[in-house]
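Being a predicted model, the structure only gives us computed values, none of them experimental. These numbers come from the heavy atoms of this one structure, side chains and all, not from hydrogens, waters or symmetry mates. In listed order, ligands and their atoms are each counted from 1.
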Amino acid sequence: MLKLDLSKLSSFLPDGYVAARQTGLEKAASMLANHDGPGGEFTGWVTLPRDYDKDEFARIKKAAEKIRKQSQVLLVVGIGGSYLGARAVIELLASPNYNLKKKDTPELYFAGNGLSTDTLLELISLIGDRDFSVNIISKSGTTTEPAVAFRIFKDMLEKKYGKEGARDRIYATTDKARGALKGLADAEGYETFVVPDDVGGRYSVLTAVGLLPIAAAGIDIDQLMAGAHQAMDELAVGGLDNPAWQYAAARHALYESGKKIELLACYEPPFRFFAEWWKQLFGESEGKDGKGLFPASVEFTADLHSMGQYIQQGERLMFETVVKFAPKGEFIIPEDPANVDGLNFLAGKPLSFVAEQAMRGTILAHVDGGVPNVLIELPTICEATVGYMIYFFEYVCGLSGHLLEVNPFNQPGVEAYKKNMFALLGKPGYETLKADLEARL
Ligand code: PA5
């Protein structure tokens, strides 16, 4: 399914850089398989494509069907790992223009992923007087952004449909036993879905966290899981020809050689939110203890006309990982009798041929400019391809974190801003910190 081309690293890394990391990779793969490394209690995602809860999966499909029948709009309320995966998959498979398309599935909007008043007001006016449902997703149930947004939309639902009617339109995805949202959902009688204890937010797209909104958008979640399952089976076979091992080794070797930024590039605009998901996955997993590659992303060819200058000639801090998909259809470039733009030499050629040459030329230019290149080639964008790719990146991320000797499954740094925000907002219990912060502002 996935082809990894590391040939454009040869002028940057010594021969044998993968073999030199064999012991580390064996150890990393064993820690993932046996759930016994740092953060091992959060490695349930490793076998999730096989071991997922089949009863809950059936309930997800039913709920998606009910949402489709009942509502013209589904609001998906969540942030970080409780948001990016669903949006990444929906935009990649159903298009960033999904809401504009003619369809028999509801429009989908994401809320609670920020604190912008303008965005919230716009969302309320976009819903207008249409029927809507809400999927609130929060493992802890206490994250400020989604909790505030949920208050607002719960209140709107209750005013519109009454308490009973609102209950029938609210779906809560949260911890199976603990937390404020679980308590509220039980008290109010909402249908609930589970964020498994052993799966952290950024690894949760293939749980109900991602699957309910994805299914509501009409995407085939069986095929998505099947693609992930294929990746799980293939990547579990360790060895130096395993592409996840090779990519993790290359990333680690490049980091040790002085590269500090990994730039994820793709020539398909619907990939933009997948790159956002990827950035959280790698950034939160590796960026700690003063270590880690900074994950960044670009959309080609658009960004070749903006970031292209820096990539070609700026600080030599980065390497590039290009994700390439086979095109689904074909478009032939027409002949223009006037040939004002001088492009008739392209007439009769498929647009994908032009894109391919743009990619090949760019890779060589960047390599010549001192930017090592990793190329990941995948078949056409479909559910199985996306499922495979999700698991591939998750597995590479787990291996990479262990090679770097960090805990890839915690995120202690995310707490710092939350503590300060709570203190400044006057949350009880934060009085001393509030005084300290205010004296410094
Ligand atoms: O990856 C993570 O753990 C975070 O991005 C969380 O998913 C995010 O902070 C949201 O947390 P919660 O689901 O508890 O509201």
- Message: Test side-chain hydrogen bond (donor to acceptor under 3.5 Å, both in side chains) on Asp175 and Ser140; report intermediate values, then the result.
- Response: CA-CA 7 Å; Asp175 190 276; Ser140 62; over 6 Å; no

How far is [atom] from the closest protein heavy atom, and which atom is that?
atom                    : value
atom 6 (C) of ligand 1  : Gly81 N, 3.9 Å
atom 9 (O) of ligand 1  : Lys418 NZ, 4.2 Å
atom 2 (C) of ligand 1  : Glu284 OE1, 3.4 Å
atom 11 (O) of ligand 1 : Thr143 OG1, 3.5 Å

- Do the ring centers of Tyr203 and Phe42 come within less than 6.0 Å of each other?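 Between Phe42 and Tyr203, which both carry aromatic rings, the centre distance is not below 6.0 Å.
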
I need the atoms of ligand 1 closer than 4.0 Å to a non-hydrogen atom of [X], numbered in the order shown.
X      : value
Gln411 : 3 (O)
Gln280 : 1 (O), 2 (C), 4 (C), 5 (O)
Gly80  : 5 (O)
Arg202 : 1 (O)
Ile79  : 7 (O), 8 (C), 10 (C)

- Query: Got a sec, which pairs hit salt bridge (Lys or Arg N to Asp or Glu O under 4.0 Å) with one end in residues 98-112, sequence neighbours left out?
  - Reply: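 Non-adjacent pairs meeting salt bridge (Lys or Arg N to Asp or Glu O under 4.0 Å): Glu107-Arg130.
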
- Message: For Pro213, run the side chain to side chain contact (heavy atoms under 4.5 Å, CB included) check against Ile60, Leu108, Leu75, Val89 and tell me which one passes.
- Response: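 With Pro213 as partner, Ile60, Leu108, Leu75, Val89 yield a single side chain to side chain contact (heavy atoms under 4.5 Å, CB included), made by Leu108.
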
- Item | Closest to atom 13 (O) of ligand 1 (judged by heavy-atom distance), picking from Ser82, Gly179, Gly200 |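 Of the listed residues, Ser82 has the closest heavy atom.
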
- Message: Measuring from non-hydrogen atoms of Val414 to any atom of ligand 1, is the shortest distance under 4.0 Å?
- Response: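 Not so, Val414 does not reach ligand 1.
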
- Is the shortest heavy-atom distance from the side chain of Phe393 to the side chain of Phe274 under 4.5 Å?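 Sidechains of Phe274 and Phe393: in contact.
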
- Query: Can Arg59 be said to sit on top of Phe193's aromatic six-ring, NZ or CZ under 6.0 Å from centre and within 45° of the ring axis?
  - Reply: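 Geometry flag: set, cation within 6.0 Å and 45°.
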
- Task: Kindly confirm or rule out a cation-pi arrangement of Lys260 over Tyr255, judged by NZ or CZ under 6.0 Å from the six-membered ring centre and within 45° of its axis?
- Result: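 So Lys260 does make the cation-pi contact.
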
- Residues in ring pair (Phe, Tyr, Trp, His ring centres under 6.0 Å) contact with Phe57, at least two apart in sequence or another chain: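 Checked Phe57 against ring pair (Phe, Tyr, Trp, His ring centres under 6.0 Å); matches are Tyr52.
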
